[in-house]
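Remarks on the structure that follows.
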Amino acid sequence: QAKLEESGGGLGQAGGSLRLSCAASGSFHRIETMAWHRRAPGNQRELVATLTSGRAPIYADSVKGRFTISRDINTVILQMNNLKPEDTAVYYCNADVKITRYSPVWSEWGQGTQVTISS
């Protein structure tokens, strides 16, 4: 099965940029979808961006024009530009995978990486 590891989080400043990376490793057949979610303190988890094979990426309204999701084979990147304090949250990588070609999709989650935007 897949394991997801996020990296690239940390401190940023308003108007700046950060790049989050999520690498999938382990034994699995195929990744159908990779996505980024975030959860700010006191708020519900929200979908930030998702990318499904063969489809256009989908973004939350709050990040459209500022964030870009991209993927190679087993890594998904979230490029975050023009950051705002409201972007402060724990960001989670998510992947819908098929462990074998005959398996249903299985949702895997990373442990999350903290993003804190000042000013």
Side-chain angles (χ1 to χ4, degrees):
Q1 56 183 310
K3 295 181 179 179
L4 305 179
E5 297 183 5
E6 303 101 335
S7 62
L11 298 177
Q13 61 183 20
S17 299
L18 287 173
R19 177 179 290 186
L20 304 183
S21 179
C22 175
S25 62
S27 179
F28 54 89
H29 175 64
R30 187 175 70 248
I31 298 175
E32 300 289 341
T33 298
M34 298 192 79
W36 288 94
H37 297 74
R38 68 184 182 186
R39 189 180 192 279
N43 295 333
Q44 295 183 345
R45 185 184 66 189
E46 66 171 337
L47 176 67
V48 176
T50 184
L51 184 61
T52 298
S53 297
R55 301 178 183 179
I58 299 174
Y59 298 95
D61 289 341
S62 59
V63 307
K64 286 181 179 178
R66 300 189 299 118
F67 291 9
T68 302
I69 187 171
S70 61
R71 176 190 169 188
D72 59 8
I73 299 177
N74 293 324
T75 300
V76 63
I77 301 295
L78 186 67
Q79 178 66 46
M80 305 186 293
N81 297 326
N82 301 315
L83 287 163
K84 302 177 179 180
E86 300 93 295
D87 296 319
T88 296
V90 177
Y91 285 70
Y92 298 91
C93 178
N94 168 248
D96 291 336
V97 305
K98 293 178 67 68
I99 307 302
T100 73
R101 66 175 296 179
Y102 307 107
S103 301
V105 294
W106 180 266
S107 185
E108 300 281 357
W109 291 86
Q111 293 189 331
T113 184
Q114 176 71 49
V115 171
T116 302
I117 309 302
S118 63
S119 81

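One is the number of the first residue; the rest follow in order along the sequence.
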Measure the spacing between [atom1] of [X] and [atom2] of [Y] and express it to the nearest 0.5 Å.
{"X": "Ser25", "Y": "Glu5", "atom1": "OG", "atom2": "CD", "answer": "5.5 Å"}
{"X": "Ser62", "Y": "Lys64", "atom1": "OG", "atom2": "NZ", "answer": "9.5 Å"}
{"X": "Gln44", "Y": "Arg38", "atom1": "CD", "atom2": "CZ", "answer": "14.0 Å"}
{"X": "Thr100", "Y": "Phe28", "atom1": "OG1", "atom2": "CZ", "answer": "13.0 Å"}

With a 4.5 Å heavy-atom cut-off, do [X] and [Y] have their side chains touching?
{"X": "Leu11", "Y": "Gln114", "value": "no"}
{"X": "Lys98", "Y": "Ile31", "value": "no"}
{"X": "Glu46", "Y": "Arg39", "value": "no"}
{"X": "Leu51", "Y": "Met34", "value": "no"}
{"X": "Trp36", "Y": "Thr50", "value": "no"}

Single-linkage hydrophobic cluster Tyr92~Val63, side-chain heavy atoms < 4.5 angstrom: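 No, Tyr92 does not connect to Val63 through the hydrophobic network.
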Backbone of Gln111 reached by a side-chain donor or acceptor of Glu6 within 3.5 Å: yes
Residues Arg30, Glu32: salt bridge by 4.0 Å N-O rule: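 Answer for the salt bridge query: yes.
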Chi angles and distances behind the side-chain contact (heavy atoms from CB on, under 4.5 Å) call for Trp109, Leu4: CA-CA 6 Å; Trp109 291 86; Leu4 305 179; 5.5 Å; no
Minimum heavy-atom distance between Ile69 and Tyr59, given as atom pair plus value: N-OH, 2.9 Å
Closest approach of Gly8 to Leu18 (non-hydrogen atoms, all atoms of both residues):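 Where Gly8 meets Leu18 most closely, the heavy atoms are O-CD2, 4.3 Å.
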Donor-acceptor contacts, no H, no angles, side chain residues 74-85, under 3.5 Å, sequence neighbours left out:
residue : atom : partner : partner atom : Å
Gln79   : OE1  : Arg19   : NE           : 2.7
Gln79   : OE1  : Arg19   : NH2          : 3.1
Gln79   : NE2  : Asn81   : OD1          : 3.0
Asn81   : OD1  : Ser17   : OG           : 2.8

Evaluation steps, side-chain contact (heavy atoms from CB on, under 4.5 Å), between Trp106 and Asp96: CA-CA 5 Å; Trp106 180 266; Asp96 291 336; over 6 Å; no
CA sep, side-chain torsions, deciding dist, call: Val115, Thr88, side-chain contact (heavy atoms from CB on, under 4.5 Å): CA-CA 5 Å; Val115 171; Thr88 296; 5.9 Å; no
Criterion side-chain contact (heavy atoms from CB on, under 4.5 Å) on Arg71 and Ser53, from CA distance to verdict: CA-CA 9 Å; Arg71 176 190 169 188; Ser53 297; 3.3 Å; yes
